[in-house]
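Below is one structure, written out as structure tokens; the observations come after it.
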Amino acid sequence: MKILEFDENLKFDEDLVLVLGYFDGLHRGHQALFNEARKVATILNLKIAVLTFPEKPTLTFEKFEPEMLLKLTSDKKRAELFAENGVDYLIFQDFTSKFAHQTASEFSENVVMKFRPKVVITGFDYTTGSDMKNLKNTEDYRVIIIPEITDNQGKISSTRIRKAVENGDIAQANSLLGYPYETSGLVVHGFARGRQLGYPTANLVIKDYVHIPAVGVYTCDVIFDGGRHRGFASIGYNDTFNGTEKTVEVHIFDFNGEIYGENLTVLWLDKIRDMVKFDDIDHLIEQMKDDENIARNYKTKK
Ligand SMILES: Cc1cc2nc3c(=O)[nH]c(=O)nc-3n(C[C@H](O)[C@H](O)[C@H](O)COP(=O)(O)O)c2cc1C
Ligand SMILES: Nc1ncnc2c1ncn2[C@@H]1O[C@H](COP(=O)(O)OP(=O)(O)OP(=O)(O)O)[C@@H](O)[C@H]1O
């Protein structure tokens with residue numbers, strides 16, 4: 001997959017199907033657009049291009065809050081997901097006021113036509129230009145609009161997934177995403193109390209500006225050293241030890257090595273319970289043994 005910046009002089013040698021949207025998380029709704037793109041690309045012998053934005057379009061319209069920069073995936077993971085969904089060209093365009101203020105027909109002429117696409121794919125609620133219109137078929141390209149993908153609570157959306165992650169409802173987030181929500185981080189030194197509890201933990205510092213699941217205890221799988229290993233994790237303030245800083249810590253079962261400085265990816269599988277302030281360490285250890293049982297017996301759905 002090639003990653004490019006949009007500019008007016010872009011030229012493609014191959015015929016394209018162009019997919020439009022922001023796509024935070026590449027969830028099941030988004031995947032429907034790429035399933036269609038792959039079908040069309042195979043039949044018409046086209047390459048798949050995506051025109052997207054580095055940041056959320058809402059930044060251009062609403063009062064800034066730092067949370068608006070938070071994403072479901074790191075930029076690196078997002079690019080990997082596009083590639084997994086069959087994208088050949090990933091094109092970024094800053095969502096500027098100037099870009100937003102084009103009319104739908106200006107957008108078609110100044111932006112879409114630069115790709116000379118045979119087919120353009122958008123979702124049912126994608127509108128373009130200051131006049132908020134759906135794209136229409138032209139003499140040059142055909143527009144395919146994907147109908148709404150829903151579950152029993154309505155539209156599958158990045159907004160619902162962000163809320164589910166922030167509420168610790170990982171099962172719900174994963175069901176909407178169609179794959180496990182993940183967080184990557186660098187292993188740094190903590191207080192080294194974990195060993196004393198019988199569960200040494202890798203303390204993760206998260207450098208990406210991404211949504212972190214709510215405070216709590218979770219079943220997870222951990223990717224490192226080329227493998228996927230079951231573990232359990234704690235996100236919170238280590239209340240039993242009167243901690244003041246929020247930590248993300250993960251214990252990998254049946255592993256006892258030094259991994260400081262490594263980058264781990266945690267696949268969040270399910271929430272086990274809320275964080276508890278125990279009266280003493282023995283009660284915490286007892287509880288962690290029960291947690292271990294739950295985590296080890298958790299069966300992944302795919
Ligand atoms: C699965 C799991 C569950 C945990 N549950 C709690 C908890 O309920 N209450 C709490 O105060 N700390 C909990 N902890 C966090 C421990 O307090 C923490 O791992 C320990 O203090 C080690 O911290 P350190 O790595 O900074 O030394 C849990 C940790 C894990 C891995
Ligand atoms: N559930 C869905 N069914 C069909 N198309 C969808 C669905 N969700 C998003 N799309 C389409 O995917 C593209 C990207 O959408 P967008 O990035 O706005 O996702 P979103 O989940 O609607 O985000 P948000 O919740 O932040 O509004 C758009 O063309 C949109 O219409």
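Residue numbers count from 1 along this sequence.
Side-chain contact, Arg230 with Asn297: no donor N or O sits under 3.5 Å from an acceptor N or O. In the model, Asn85 has no side-chain atom that pairs as donor or acceptor with a side-chain atom of Gln31 under 3.5 Å. For Ser97 and Thr60, the side-chain atoms include no donor-acceptor pair closer than 3.5 Å.
Pairs passing the salt bridge (charged side-chain N to carboxylate O under 4.0 Å, His left out) check and including a residue from residues 78-103, sequence neighbours excluded, read Lys76-Glu80. Listed by first and then second residue, the salt bridge (charged side-chain N to carboxylate O under 4.0 Å, His left out) pairs involving residues 106-120 amount to none (not counting sequence neighbours). Here salt bridge (charged side-chain N to carboxylate O under 4.0 Å, His left out) pairs that include residues 16-34, with residues two or more places apart or in two chains, are Asp24-Arg162. Annotation: salt bridge (charged side-chain N to carboxylate O under 4.0 Å, His left out) contacts involving residues 241-269, sequence neighbours excluded, comprise Asp254-Arg296. Residue pairs meeting the ring-ring contact (aromatic ring centres under 6.0 Å, His included) criterion with at least one member in residues 121-149: none, sequence neighbours excluded.
Side-chain heavy atoms closer than 4.5 Å link hydrophobic residues (I, L, V, M, F, W, Y) into clusters, and following such links, possibly through other members, connects Leu72 to Ile149. Ile3 and Phe115 are assigned to two separate hydrophobic clusters, defined by single-linkage of ILVMFWY side chains at heavy-atom distances under 4.5 Å. Under the 4.5 Å side-chain heavy-atom criterion for ILVMFWY residues, a single connected hydrophobic cluster contains both Leu59 and Tyr209. Hydrophobic clustering of Ile, Leu, Val, Met, Phe, Trp and Tyr side chains at less than 4.5 Å, counting indirect connections, keeps Met275 apart from Trp268. Residues Leu16 and Val87 are members of separate hydrophobic clusters, defined by side-chain heavy-atom contacts under 4.5 angstrom among Ile, Leu, Val, Met, Phe, Trp and Tyr.
Within a 6.0 Å sphere centred on NZ of Lys136, heavy atoms belonging to other residues, nucleotides or ligands number more than 12. Under a cut-off of 6.0 angstrom, the local environment of CZ in Arg142 is sparse, with at most 12 non-hydrogen atoms contributed by other residues, nucleotides or ligands. Remark: Asn45 CG is loosely packed, at most 12 non-hydrogen atoms of other residues, nucleotides or ligands lying under 6.0 Å away. For Lys277, the NZ atom sits in a packed shell: over 12 heavy atoms of surrounding residues, nucleotides or ligands are nearer than 6.0 Å.
Contact detail for Tyr22 and Pro54: the closest heavy-atom pair is OH-O, 4.0 Å. Residues Ala202 and Ile259 approach most closely at CB-CD1, 4.1 Å, considering heavy atoms. Scanning all heavy atoms of the two residues, the minimum distance from Gly190 to Asn203 falls at CA-ND2, 3.6 Å. Nearest heavy atoms, Gly185 versus Ile206: CA-CD1, 4.3 Å. For the residue pair Thr52 and Gly21, the shortest heavy atom distance occurs at OG1-O, 2.8 Å. When all heavy atoms of Ala37 and Val17 are compared, the pair lying nearest together is O-CG1, 4.0 Å.
Between Phe224 and His229, the gap from one ring centroid to the other is short of 6.0 Å. A distance below 6.0 Å separates the ring centres of Tyr199 and His251. Taking the six-membered ring wherever Trp is involved, the centroid distance between the rings of Tyr260 and His189 falls below 6.0 Å.
Side-chain N or O atoms of Asp225 include none that pairs as donor or acceptor with a backbone N or O of Gly227 at under 3.5 Å. In terms of modelled atom types and a separation under 3.5 Å, the side chain of Asn137 and the main chain of Val143 share a donor-acceptor contact. Formation of a donor-acceptor pair under 3.5 Å by the Ser108 side chain with backbone atoms of Ala104 is not found in this model. A donor-acceptor pair is defined here as one N or O able to donate and one able to accept, closer than 3.5 Å; no such pair exists between the side chain of Thr219 and the backbone of Leu269. For the pair Lys47 (side chain) and Asp15 (backbone), a donor-acceptor distance under 3.5 Å is absent.
Looking at Leu20 and Phe107, their side chains come closer than 4.5 Å, going by heavy atoms from C-beta outward. Contact check for Glu182 versus Leu177: no side-chain heavy atoms found under the 4.5 Å cut-off. Counting heavy atoms from C-beta outward, Leu264 and Ile223 have side chains that stay 4.5 Å or more apart. Annotation: side chain of Asn110 is in contact with side chain of Gln102 (closest heavy-atom distance under 4.5 Å). For the pair Ile285 and Met288, the minimum side-chain heavy-atom distance is 4.5 Å or more. Looking only at side-chain heavy atoms (C-beta outward), Thr183 and Ile212 come within less than 4.5 Å of each other. Side chains of Leu90 and Leu4 form no contact here, defined as non-hydrogen atoms less than 4.5 Å apart. In this structure, the side chains of Val250 and Thr201 stay at 4.5 Å or more apart for every pair of heavy atoms.
Evaluation of the ring pair (Phe, Tyr, Trp, His ring centres under 6.0 Å) rule for Phe64 yields no partner, not counting sequence neighbours. Listed by chain and number, the residues in a ring pair (Phe, Tyr, Trp, His ring centres under 6.0 Å) with Phe95 are Phe53, Phe61, Phe99 (sequence neighbours excluded). Residues forming a salt bridge (Lys or Arg N to Asp or Glu O under 4.0 Å) with Asp274 (at least two apart in sequence, or on another chain): Lys271. Not counting sequence neighbours, the partners of Glu55 by the salt bridge (Lys or Arg N to Asp or Glu O under 4.0 Å) test are Lys71. Every salt bridge (Lys or Arg N to Asp or Glu O under 4.0 Å) that Arg228 has, sequence neighbours left out, goes to Asp221.
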Test side-chain contact (heavy atoms from CB on, under 4.5 Å) applied to Phe23 and Leu81, step by step: CA-CA 10 Å; Phe23 302 113; Leu81 287 167; over 6 Å; no
Evaluation steps, salt bridge (Lys or Arg N to Asp or Glu O under 4.0 Å), between Arg160 and Asp151: CA-CA 11 Å; Arg160 279 181 66 197; Asp151 67 1; 3.0 Å; yes
Worked check of side-chain contact (heavy atoms from CB on, under 4.5 Å) between Ile48 and Val19: CA-CA 7 Å; Ile48 302 176; Val19 189; 4.1 Å; yes
Val112 vs Val120, side-chain contact (heavy atoms from CB on, under 4.5 Å): CA-CA, chis, key distance, verdict: CA-CA 8 Å; Val112 177; Val120 180; 3.9 Å; yes
Chi angles and distances behind the side-chain contact (heavy atoms from CB on, under 4.5 Å) call for Tyr218, Asp270: CA-CA 6 Å; Tyr218 297 87; Asp270 204 3; over 6 Å; no
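Residue Phe82 forms a side chain to side chain contact (heavy atoms under 4.5 Å, CB included) with just one option from His30, Met1, Lys77, and that option is Met1.
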Listing, residues 5-13 side-chain donor-acceptor contacts under 3.5 Å, not counting sequence neighbours, or none:
unit_1, atom_1, unit_2, atom_2, d
Asp7, OD1, Asn9, N, 2.7

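With Phe241 as the aromatic partner, Arg193 meets the cation-pi criteria of under 6.0 angstrom to the ring centre and within 45 degrees of the ring axis.
Lys155 and Asp125 are joined by a salt bridge, as a carboxylate oxygen and a charged side-chain nitrogen come within less than 4.0 angstrom of each other.
The hydrophobic cluster around Val188 extends to Leu186, Val205, counting ILVMFWY residues whose side-chain heavy atoms fall within less than 4.5 Å of a member.
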